[in-house]
Amino acid sequence: MGKARIIGEPLKNMPWQDKPAGYRGVVWRHSGNPITDWNPTPGTNRIFNSAVVPFGGGFAGVFRADHNNGTAMLHAGFSKDAVNWEIDDGVIRWKDENGEDFMPGYAYDPRVAKIGDTYYIVWCTEFGGCPAIGLGSTRDFRNFVRHENVCVPFNRNGVLFPRKINGKYMMLSRPSDSGHTPFGDIYISESPDLVYWGRHRKVMSSGGGWWQDLKIGAGPVPIETTEGWLLFYHGVNNTCNGYVYSMGAAILDIDRPSKVLYRTRDFILTPEKNYECVGFVPNVIFPCATLHDADTGRIAIYYGAADTYVCIAYTLVDELVDYIKANSELNAGDAEEGR
Ligand code: BMA
């Protein structure tokens, strides 16, 4: 087995299942998937594409919930074991930095990064009727502060790194259009203060195998490892029956995360199970968060399935990094930090 290690905290109480005997993949599914069902709360029809973190001896999360009126909003949730969740029926009520109420018209696909003692939430937010990247923070998952939007429309899949790099906050994003975006590459921007963003670079391009031919987008907050930043991402294939979302993984340079060192030629998880292939939007695997234990290298990946359910998959950092290195294929321009 390889030598890659997670740089971070231990997390003994995270969910875990060993790889099933005879299973050939490098990422395997939780046997209790999906962990949420249709109509999970009275006012919501589906909860998926959500972010969870260790919190107060248990776990907390920011959940994407599509309401009974069809609109996506963000809800807080809590769990003792990160498998069974109590998710609020009411939406997160933001206050802006002046203490005034703030509520975007829609909000979806949250990621949560802990930096110091603050949890930063990055999501796709409604901005003048268009999708852009929203930023907020909380310390207790009860009081939420909305900060200035990170960018002008159109952009989605904003993902903040869990620490400053060379003194700067770093964020991945995926410029988009106003609709279902038939293109998309991953870019990175840096900021001294989470307000002003610049020094934009292109990180990774779509293309290569058909599974990631149409567009790609960053998934969970990158995991710091001894081999670089481990990034799970989604790749999209345009079929005659619509978009298919699969999961891949990449390793970015630890000091210059605009530089891709390795990325998987093949998907590491693709819709196969009924709960991934049948739902509100069929054939979607959309990773948004991980829990991980630096002592054992265990990683639990939280992904949305079919825009309907929250699911978990597992991997081990040393096995996965070995796999990524042995099965890597960069796209033209990937390693060149495109300006
Ligand atoms: C993307 C986002 C995701 C969604 C996916 C599949 O554009 O809207 O929230 O999971 O489409 O519908």
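Both counts, for ligands and for their atoms, begin at 1 and track the order of listing. The structure presented is a predicted model; accordingly, all values stated were derived computationally and were not measured.
- Between Glu319 and Lys19 there is a salt bridge, with a side-chain nitrogen of the basic residue lying less than 4.0 Å from a carboxylate oxygen of the acidic one.
- Open room surrounds NZ on Lys273; 12 or fewer heavy atoms of other groups in view lie less than 6.0 Å from it.
- Without hydrogens or angle criteria, Thr71 side chain to Tyr106 main chain gives no donor-acceptor distance under 3.5 Å.
- Remark: the backbone N or O of Ser246 is not paired with any side-chain donor or acceptor of Thr270 at under 3.5 angstrom.
- The neighbour count for Trp28 CH2, taken as heavy atoms of other residues, nucleotides or ligands under 6.0 Å away, is above 12.
- Protein residues are said to neighbour a ligand when one of their heavy atoms lies under 4.0 Å from it; for ligand 1 these are Asn49, Arg64, Tyr108, Asp109, Tyr245, Val281, Val284, Phe286, Asp307.
- Within the 4.5 Å cutoff, no side-chain heavy atoms of Tyr245 are placed close to those of Pro271.
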